[in-house]
Amino acid sequence: MNINSEPKESILFIDDEKSILDVVSEYFLTKGYVVFTANNGLEGIEIITNHKIDCCFTDINMPVMNGIEFAEKLRSIDNTIPIIIITAYPSFNTTLQTLKNGVVDFLVKPAKLTQMEICLTRVLRERKLFIKNILLNKEVKHGKKLKRINAELFNKIEEIETLNKIMSDVAEIRASDDVYQKLVSLSSEITHADNASFYIYSEVLKKPKKIAYFSLQKQDSPLNSSSDKNLNVKDNLITIIHKIFSTQTPVISPNNDDKIVHGSDINYFMAVPLKIVNKIFGVLTVSSSNNIFSKQKLYYLSFIAEKASYVIENMALYEHINQGIITTLKAFVKAIEVRDPYTKEHSNRVTQIAVLLGTALNCSEEEIDILRIAGPLHDIGKIGIRDQILLKKGSLTSKEFAKIKEHPDIGADIIAQLIVWDEHQLIIRHHHERYDGSGYPGKLNKKNIPFLARILSVADAHDAMASDRAYRKSLEKDKIIKIITNCSGSQFDPQVVTAYLELCRINKIVF
Ligand SMILES: [Fe+2]
């Protein structure tokens, strides 16, 4: 090895003649190469496996493993290492066979050392270019792959974001919203459609009937215009939608065999079924004059329909359950009122007045709904109180009164067992609290008492005084107004009392 310079490439010489190996070793070592030698192909393979080799010179005729077998084996291990054959008997067949196996040159024995060196320099230079080319190719392939992965990733992220938006928008739909209107506007937004519609099947008309419509344009849907062309398209569309009610299969148009809406103001169209409990309930459609709908958009539209169907189904179930529970609870209240004829219809009247007060006090629609449900049930806790106490004509002992005072808690607990109605429970639990904090069961005061409970408290007191009781007759209007006015700030919220007095003044509250 030339000690003055960095080691050059590593060369492997394979020959069964030791003298040849000695000569080439000495020569190439002095030229600065790292030299390995082997007596046959098998030894050569061992060296290749354990060392980095840049070029091989090999004899052909050798024991154990000859040069041709070596070349074949080496190619299967590393096809970038060039092989130069040195043989005394080059034949056409050998040449052809070895060329297939990565042999890049032939030298005839006895080869001159300088000739070998020239050949080596050339082969190594070509190898460098070859490796560079492979690396470049890999880089290009890698770059293309990266680009493709990036694009796929970007699409995936976009898809996840879209699906998330659909899920959160659909989840925000409330029973009090126009569900179908929200559905069509969301569909148009997600699919970039000009128009979106929702159809149900009209048993009366015996065909699909549009119940919601959304358009990006200010003007009416082209399908609502009465031009001949659009009337044709409209008929065609109704036919497609009608078909979906029986096939329950989504449609994307135009596609290869379906150009039904082609040539109108609506060039592109998609429709998907909306199923509830596996039965078709409606058809959701979108259309556009110049936005082509992809399969991805069809997937989004189907996803919207699927999520919306859960919401509609849940709303229907909830409504059904609620109605069932409310009917049951109202039956309980009726049972109490039947036991005590003096409080007959009391709960309903209290509810009516509470709703009047709530409306006058600018309560939201949701709050009014809560009053409507909780109002009739506010005394439901009395179901657990014995007749001797509930219907007692004389004054109550402190023990009996303590029993009566349990009814708000019992009532709220009954409600809690049946359904999660926090707001409703709060009204029922606190309808006997007093504004000054001396009420029951929580001894809450002022704003600590839920607002709707403060409203119900005034309505309850009013009706108790305005109706006959076991122990007294109903009071006069002026007397009731006077008592409630006097209790403003002590028993009642002054704000509610003000609203109550105004409703009395304009005769909205009947005595
Ligand atoms: Fe009560």
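Note that the structure is predicted; figures quoted are calculated from it, not measured. Numbers here are sequence positions counted from 1. For ligands, and for the atoms within them, numbers begin at 1 and follow the listed sequence.
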> Which N/O/S atom belongs to H432 and is the closest one to the Fe ion (ligand 1)?
Replying inline: NE2
>> I'd like to know if the side chain of D194 reaches the main chain of S289, judged simply by a donor and an acceptor atom lying under 3.5 Å from each other, with no hydrogens or angles considered.
In response: yes
>> Can you confirm whether the side chains of R127 and T80 place a donor and an acceptor under 3.5 Å from each other?
In response: yes
>> I'd like to know if the Fe ion (ligand 1) has an N/O/S atom from H378 within less than 2.8 Å of it, counting both backbone and side-chain atoms.
In response: no
> Closest to the Fe ion (ligand 1), which N/O/S atom of H431 is it?
Replying inline: NE2
> Counting only heavy atoms not in H142, do more than 12 sit closer than 6.0 Å to its NE2 atom?
Replying inline: no
> When you measure from the Fe ion (ligand 1) to each N, O or S atom of D379, which atom gives the shortest distance?
Replying inline: OD1
>> If I compare all heavy atoms of Y500 with all of H462, which pair ends up nearest, and what's the gap?
In response: OH-ND1, 2.7 Å
